[in-house]
Chemist: 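The structure follows.
Because the structure is predicted, anything quoted here is derived from the model rather than measured. This chain uses plain numbering: 1 for the first residue, then up along the sequence.
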Amino acid sequence: MADSTNTTILLVEDEPFLRKGIRLNLEAEGYRVIDYERADEVLQKQNSFSEISLGIFDIMLPGELDGLELCRRIRSRSDFPVIFLTARSALDDKLEAFQAGADDYLTKPFELEELLVRVQARLRNRPVGLVSETIGSYRLDLDSGIATSSTGDVVRFNDREKQILTLLVQNRGRPVHRSDILDHAWSSAESPTNRTVDNYIVKFRKIFEEDPANPRWFITRHGQGYELARP
Ligand code: CA
């Protein structure tokens, strides 16, 4: 069972009973759910999508925007997977659009159990390359290894730095042991030391921390390794 405690799901569904049913079921599994009735509400009220791990969007929504258009607009800012909900009758003419951007879809009516299975599958399969993460004032794109600050500074990380950052992001909120970082980012033919890892962390602190001597993000957990703190 995947760790769902820090997983936030964005749910957009206009049918109140269905929305509530989905939300309660997801919350019972430990997911955090942010739910909306309309697509335009999401764009107005949701300032950031950085904490969203997955979206569940109904296609037919009241207002100007349907679920597909909502997905298109969010896709330029965030790459979280989206499961669409749709009535069987609306499926055919939407297939092309699904292929353009959907990660999965369910036709109504569906069993909530089926939705939970799909949610878990999507979260498990999520390719690491799609992750974009906020650390302090930086937005880090792990695919390209480029971090961009809110003031316009751009930092490009090399492959090893990317690997270390990816491991810390995947375990965000939990300490990662130095030996696990070494295993992840160095081959066995190389002979790095724990001190080598420390030097990378020092570099990350210089970039991401407001005060590198008192880190807020790249935390040392004595005896346990390093932790990338949650926002
Ligand atoms: Ca609807």
Chemist: Who passes side-chain hydrogen bond (donor to acceptor under 3.5 Å, both in side chains) against H184, sequence neighbours left out?
Modeler: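 Per chain and number, H184 pairs via side-chain hydrogen bond (donor to acceptor under 3.5 Å, both in side chains) with no residue.
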Chemist: Nearest 0.5 Å, what's the CD1-CG distance between I207 and D153?
Modeler: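 If we round to the nearest 0.5 Å, I207:CD1 and D153:CG are 10.5 Å apart.
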Chemist: To the nearest 0.5 Å, what is the distance between CD1 on I201 and CG on L168?
Modeler: 5.5 Å
Chemist: Are the side chains of R172 and I135 in contact, using a 4.5 Å heavy-atom criterion?
Modeler: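 Yes; the side chains approach each other to less than 4.5 Å.
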Chemist: Among residues at least two apart in sequence or on other chains, which ones pass ring pair (Phe, Tyr, Trp, His ring centres under 6.0 Å) with F49?
Modeler: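 Not a single residue meets the ring pair (Phe, Tyr, Trp, His ring centres under 6.0 Å) criterion with F49.
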Chemist: Answer yes or no: are there more than 12 heavy-atom neighbours, outside E210 itself, under 6.0 Å from its atom CD?
Modeler: no
Chemist: Judged by atom type as modelled, is there a donor-acceptor pair below 3.5 Å linking the side chain of E37 to the main-chain atoms of P16?
Modeler: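 Not confirmed, E37 side chain does not pair with P16 backbone.
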Chemist: Please report the closest heavy-atom contact between S53 and P81, naming both atoms and the distance.
Modeler: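 That would be O-CD, 3.2 Å.
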Chemist: Between F84 and L43, is there a shared hydrophobic cluster once you connect ILVMFWY residues whose side-chain heavy atoms come closer than 4.5 Å?
Modeler: yes
Chemist: Is the closest side-chain heavy-atom distance between I181 and L167 below 4.5 Å?
Modeler: yes
Chemist: Using the test side-chain contact (heavy atoms from CB on, under 4.5 Å), find all partners of R221 that sit at least two apart in sequence or belong to another chain.
Modeler: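 side-chain contact (heavy atoms from CB on, under 4.5 Å) check on R221 returns P175, I219, Q224, E227.
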Chemist: Would you say I164 ends up clustered with V202 if hydrophobic residues are merged whenever their side chains have heavy atoms under 4.5 Å apart, either directly or through other cluster members?
Modeler: no
Chemist: Taking only residues two or more places apart in sequence or in another chain, which ones pass side-chain hydrogen bond (donor to acceptor under 3.5 Å, both in side chains) with Q46?
Modeler: Y36
Chemist: Is the shortest side-chain heavy-atom distance between V117 and E114 below 4.5 Å?
Modeler: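 No, too far: nothing below the 4.5 Å cut-off.
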Chemist: Does a side-chain heavy-atom distance below 4.5 Å link L165 with F218?
Modeler: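 In short, these two side chains touch, coming nearer than 4.5 Å.
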Chemist: Nearest 0.5 angstrom please: N171 CG to L228 CG, how far?
Modeler: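 With rounding to 0.5 Å, CG (N171) is 9.5 Å from CG (L228).
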Chemist: Does L112 share a hydrophobic cluster with L116, counting links as ILVMFWY side-chain heavy atoms below 4.5 Å and allowing steps through other members?
Modeler: yes
Chemist: So, taking the atom named CZ in R156 and the one named NZ in K162, what distance separates them when rounded to the nearest 0.5 Å?
Modeler: 9.0 Å
Chemist: Once rounded to the nearest 0.5 Å, what's the spacing between atom NZ of K20 and atom CG of L11?
Modeler: 13.5 Å
Chemist: Side chains of K203 and N199, heavy atoms from C-beta outward: is any pair under 4.5 Å?
Modeler: no
Chemist: Which atom names give the shortest non-hydrogen contact between V82 and C71, and what distance separates them?
Modeler: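 Result for this residue pair: CG2-SG, 4.0 Å.
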Chemist: Applying the 4.5 Å side-chain criterion to the ILVMFWY set and letting contacts propagate, would F110 and I83 be lumped into a single cluster?
Modeler: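 Yes, because F110 and I83 connect within a single hydrophobic cluster, where side-chain heavy atoms sit under 4.5 Å apart.
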Chemist: Show the nearest heavy-atom pair for residues P215 and P212, with the distance to one decimal.
Modeler: CD-O, 3.6 Å
Chemist: Side chains of Y31 and Q120, heavy atoms from C-beta outward: is any pair under 4.5 Å?
Modeler: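 The answer is yes; the side chains approach within 4.5 Å.
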Chemist: If you look at every heavy atom in I56 and L54, which pair is closest and at what distance?
Modeler: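 Heavy atoms only, the tightest pair is CG1-CD2, 3.8 Å.
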Chemist: Who passes ring pair (Phe, Tyr, Trp, His ring centres under 6.0 Å) against Y200, sequence neighbours left out?
Modeler: W186
Chemist: Using the ring-ring contact (aromatic ring centres under 6.0 Å, His included) rule, collect all pairs that involve residues 132-173, keeping only residues at least two apart or in two chains.
Modeler: Y138-F208, F157-F204, F157-F208
Chemist: Test of understanding: with salt bridge (Lys or Arg N to Asp or Glu O under 4.0 Å), list the residues that count as partners of R139, not counting sequence neighbours.
Modeler: none
Chemist: What residue pairs, at least two apart or across chains, pass salt bridge (Lys or Arg N to Asp or Glu O under 4.0 Å) with a residue in residues 38-55?
Modeler: R32-E51, R38-D40, E41-K45
Chemist: When Ile, Leu, Val, Met, Phe, Trp and Tyr are grouped by side-chain heavy atoms lying under 4.5 Å apart, directly or through other members, which residues fall in the same group as V154?
Modeler: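 Grouped by the 4.5 Å side-chain rule, I146 form the rest of the cluster around V154.
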Chemist: Could you report the tightest heavy-atom contact between A39 and V12, atom names first, then the distance?
Modeler: N-CG1, 4.1 Å
Chemist: What I want to find out is whether K108 reaches D58 closely enough, with some N-O distance under 4.0 Å, to be called a salt bridge.
Modeler: yes
Chemist: Check whether L24 and L18 end up in the same hydrophobic cluster, where Ile, Leu, Val, Met, Phe, Trp and Tyr are linked by side-chain heavy atoms less than 4.5 Å apart.
Modeler: no
Chemist: Answer whether the closest heavy-atom distance between the side chains of I74 and L10 falls below 4.5 Å.
Modeler: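 Heavy-atom side-chain distance check passes, below 4.5 Å.
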Chemist: For R178, give me all partners under side-chain hydrogen bond (donor to acceptor under 3.5 Å, both in side chains), at least two apart in sequence or on another chain.
Modeler: D198, Y226
Chemist: Within a strict 4.5 Å, meaning less than it, do heavy atoms of the R19 and R23 side chains meet?
Modeler: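 They are not in contact (no side-chain heavy atoms under 4.5 Å apart), so the answer is no.
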Chemist: Starting at OG1 of T166, measure out to CD of E161 and round the result to the nearest 0.5 Å.
Modeler: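 Those atoms lie 11.5 Å apart.
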Chemist: Output yes when a side-chain donor or acceptor of E69 lies under 3.5 Å from a complementary backbone atom of D66, and no otherwise.
Modeler: no
Chemist: When Ile, Leu, Val, Met, Phe, Trp and Tyr are grouped by side-chain heavy atoms lying under 4.5 Å apart, directly or through other members, which residues fall in the same group as F17?
Modeler: none
Chemist: Who are the side-chain hydrogen bond (donor to acceptor under 3.5 Å, both in side chains) partners of D159, not counting sequence neighbours?
Modeler: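 Testing D159 for side-chain hydrogen bond (donor to acceptor under 3.5 Å, both in side chains), a comparison that skips the adjacent residues, returns none.
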Chemist: Assess whether side-chain contact (heavy atoms from CB on, under 4.5 Å) is satisfied between I22 and I9, documenting all intermediate values.
Modeler: CA-CA 11 Å; I22 293 172; I9 295 176; over 6 Å; no
